[in-house]
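Here is the structure we will look at, set down as C-alpha cells.
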Amino acid sequence: MVMERAWLAVKIGLIITGLFPPIRRAAHACKQSSKKLMSTPWHVLGAGSLGTLWATRLARAGLPVRLIVRDQTRLRSYTAAGGLTLVENGQASTHAVPAETADDPAPIRRLLVACKAYDAENAVARIAPRLAADAELILLQNGLGSQDAVAARVPHARCISASSTEGAFRDGDWRVVFAGHGFTWLGDVANPLAPIWLDDLQAANIPHEWTADILTRLWRKLALNCAINPLTVLHDCRNGGLTEHHCEVATLCGELAELLERCGQPAAADNLQAEVERVILATAANYSSMYQDVANQRRTEISYLLGHACKVAERHRVNLPHLQQLQQRLIARLCSLGLPSD
Ligand code: NAD
Ligand code: KPL
C-alpha cells in the first residue's frame, strides 16, 4: 500500500514535470491528432525534391498532408514504397503521407505547387476543378514567369509566391536528401496580408518569413542565377571556377543591374555584383542547379531564368548584348547535348 502510494506520488510528480513517457506520448498523440482534425489539409502537387522536403516536415509536425502524384502507375509505386523518406543529417525517416492522383474528387483548399517551373501551369490546370472557392496556392518555382501563368489559370484562387534557398535532391524513388539548410520568403503581389497557415510552417520548423516584397526577392535570385548558372554550364565548372572568369561575370552583373533598374526593381539591383561574387566563393565547391540538370540530362528552367530576363529586356527595349549572347550560347550548348532549349 505504502509502496503503491509512493509510486503514485512519483507518477504524479512525473506527470506534473511532463516526464512520464506513456502519458506524455498519449497527450502528444492526442494533440497531434486534434491538429490533424482541425487543420486544413496541405495538398502537395509534385513529389520531387522540394515537395518531399515540405511534405515530410509538415507530416512530422502532425499536420494533415496529402500528396498528388502524376498517375495510377506512380500511385502504385508510392504505395509499394510505403511512404516518403527524408534523409537529414545522415538519418532516414519514412513518413506514410497519404497519396492520390489529380482525379481524386476531394476539394482542395491549400495547395503547395512543387513542380518544376515548366510543369507548374499544366499541373495546376489539371487539378483546377478541385480548387475550393477560398483556395490558396503556394508556388515554389524558381525564376519568374510560371507564377503568372499559374495565376491566370486559376483567377479566383490566391496565389502566393515563394523564393527558397533550401537545398534538396533525390537519391532514389520517393527519397530525398536535405542537403542545404536555408530560408524561404513568401509573399503575395496582390495582397500583403499574411495567411494563417504560416503557423503550420512554424510548427513544422520550416524557416520562413512573410514579405511584402516577394517580387524583389524573386528578381534578385533570378539575377544571381543568371550571372552564375549558365556560365557554369558553358565553362563546365563548379561555381568556384567562375573566379577565373571575373570580367565575364562583372559584365553580366552590370547588364542585369541595368535591367532590374529599368523594370522597376532597383532594390534587387543593389550591390548585385558583390553578392554574386560572395555566392561564388561561398558555394565554390558546388555545382549550380543548372549544371546538375545538364549533367543528368534533365530539362533546365532556362526559360524562367535567362529567357525571362531577355524577354523582359526586349519588352522594355533595353539593349543587353552580353546577356542575349549568353542566352544564344546556352541554347546552342543545350541543343548540342540533345536537351530541350526552352
Ligand atoms: P523535382 O523535379 O525534384 O520535382 C518536381 C516533381 O513534380 C517531380 O516529381 C515531377 O514528377 C512532379 N510533377 C510534374 N508534373 C506533375 C503533375 N502534373 N502532377 C504531379 N506531379 C508532377 O524538382 P525540385 O528540385 O523539387 O524543384 C521544384 C521547384 O523548386 C523548381 O522550380 C526548382 O527550381 C525550385 N527549387 C528547388 C530547390 C531544390 O533544392 N531542389 C531549391 C530551391 C528551389
Ligand atoms: O541558386 C543557385 C543554383 O545553383 O541554382 C546558386 C547556388 C545561387 C547559384 O546560382
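Whatever order the structure lists ligands and atoms in, that order sets their numbers, starting from 1. Source: prediction; values computed, not measured.
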Side chains of [X] and [Y], heavy atoms from C-beta outward: is any pair under 4.5 Å?
{"X": "Val176", "Y": "Leu84", "value": "no"}
{"X": "Pro207", "Y": "His181", "value": "no"}
{"X": "Ile331", "Y": "Cys335", "value": "yes"}
{"X": "Asn286", "Y": "Tyr291", "value": "no"}

Interfacing atoms of ligand 2 (cut-off 4.0 Å, heavy-atom, [X]):
{"X": "Ile228", "answer": "9 (C), 10 (O)"}
{"X": "Val279", "answer": "8 (C)"}
{"X": "Lys221", "answer": "1 (O)"}

Checklist entry - Looking only at heavy atoms, what is the nearest atom pair of Ser164 and Lys221, with distance? => result O-NZ, 3.5 Å
Next on the checklist: If you compare all heavy atoms of Ala268 against all heavy atoms of Trp219, which two are closest, and at what distance to 0.1 Å?
Outcome noted: CB-CB, 4.0 Å
Would you say [X] and ligand 2 have an N/O pair spaced under 3.5 Å apart?
{"X": "Asn142", "result": "no"}
{"X": "Ser288", "result": "no"}
{"X": "Asn229", "result": "yes"}

What protein heavy atom lies closest to [atom]? Include the residue and the distance to one decimal.
{"atom": "atom 5 (O) of ligand 2", "answer": "Ser289 OG, 2.5 Å"}
{"atom": "atom 1 (O) of ligand 2", "answer": "Asn225 ND2, 3.1 Å"}
{"atom": "atom 7 (C) of ligand 2", "answer": "Asn239 ND2, 3.8 Å"}

Checklist entry - Can you find a side-chain donor-acceptor pair between Gln273 and Glu277 that sits under 3.5 Å? => result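 Looking only at side-chain atoms, Glu277 and Gln273 do form a donor-acceptor pair, the distance falling under 3.5 Å.
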Next on the checklist: Within the 3.5 Å criterion, strictly below it, is a donor on Trp174 or Thr94 matched to an acceptor on the partner's side chain?
Outcome noted: no
Checklist entry - Applying the salt bridge (Lys or Arg N to Asp or Glu O under 4.0 Å) test to Asp119, which of Arg70, Arg126, Arg299, Arg298 qualifies? => result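 Only one of Arg70, Arg126, Arg299, Arg298 forms a salt bridge (Lys or Arg N to Asp or Glu O under 4.0 Å) with Asp119, namely Arg70.
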Item to check | CA sep, side-chain torsions, deciding dist, call: Glu248, His235, side chain to side chain donor-acceptor pair (under 3.5 Å) | outcome: CA-CA 11 Å; Glu248 212 176 355; His235 294 299; 2.8 Å; yes
Checklist entry - With a 4.0 Å cut-off on heavy atoms, is Gln292 touching ligand 2? => result no
Item to check | First-shell residues of ligand 1 [heavy atom, distance under 4.0 Å] | outcome: Leu45, Gly46, Ala47, Gly48, Ser49, Leu50, Ile68, Val69, Arg70, Ala114, Cys115, Lys116, Ala117, Asp119, Ala123, Leu140, Gln141, Asn142, Ser164, Glu166, Gly167, Ala168, Arg170, Glu301
Next on the checklist: Heavy-atom pairs closer than 4.0 Å: do any link ligand 2 to the side chain of Met290, the backbone, both, or neither?
Outcome noted: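 It is neither part, as no heavy atom is under 4.0 Å.
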Next on the checklist: I need the contact type for Thr165 against ligand 2. Using non-hydrogen atoms and a strict under-4.0 Å cut-off, is it side chain, backbone, both or neither?
Outcome noted: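 Within the 4.0 Å criterion, Thr165 makes no contact with ligand 2.
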Next on the checklist: Tell me whether the rings of Phe183 and Trp185 are parallel (<30°), tilted (30 to 60°) or perpendicular (>60°).
Outcome noted: tilted
Donor-acceptor pairs under 3.5 angstrom involving side-chain atoms of residues 143-151: please list them, not counting sequence neighbours.
from   : atom 1 : to     : atom 2 : distance (Å)
Gln147 : OE1    : Gly145 : N      : 3.2
Gln147 : NE2    : Gln141 : O      : 3.4
Gln147 : NE2    : Gly143 : O      : 3.0

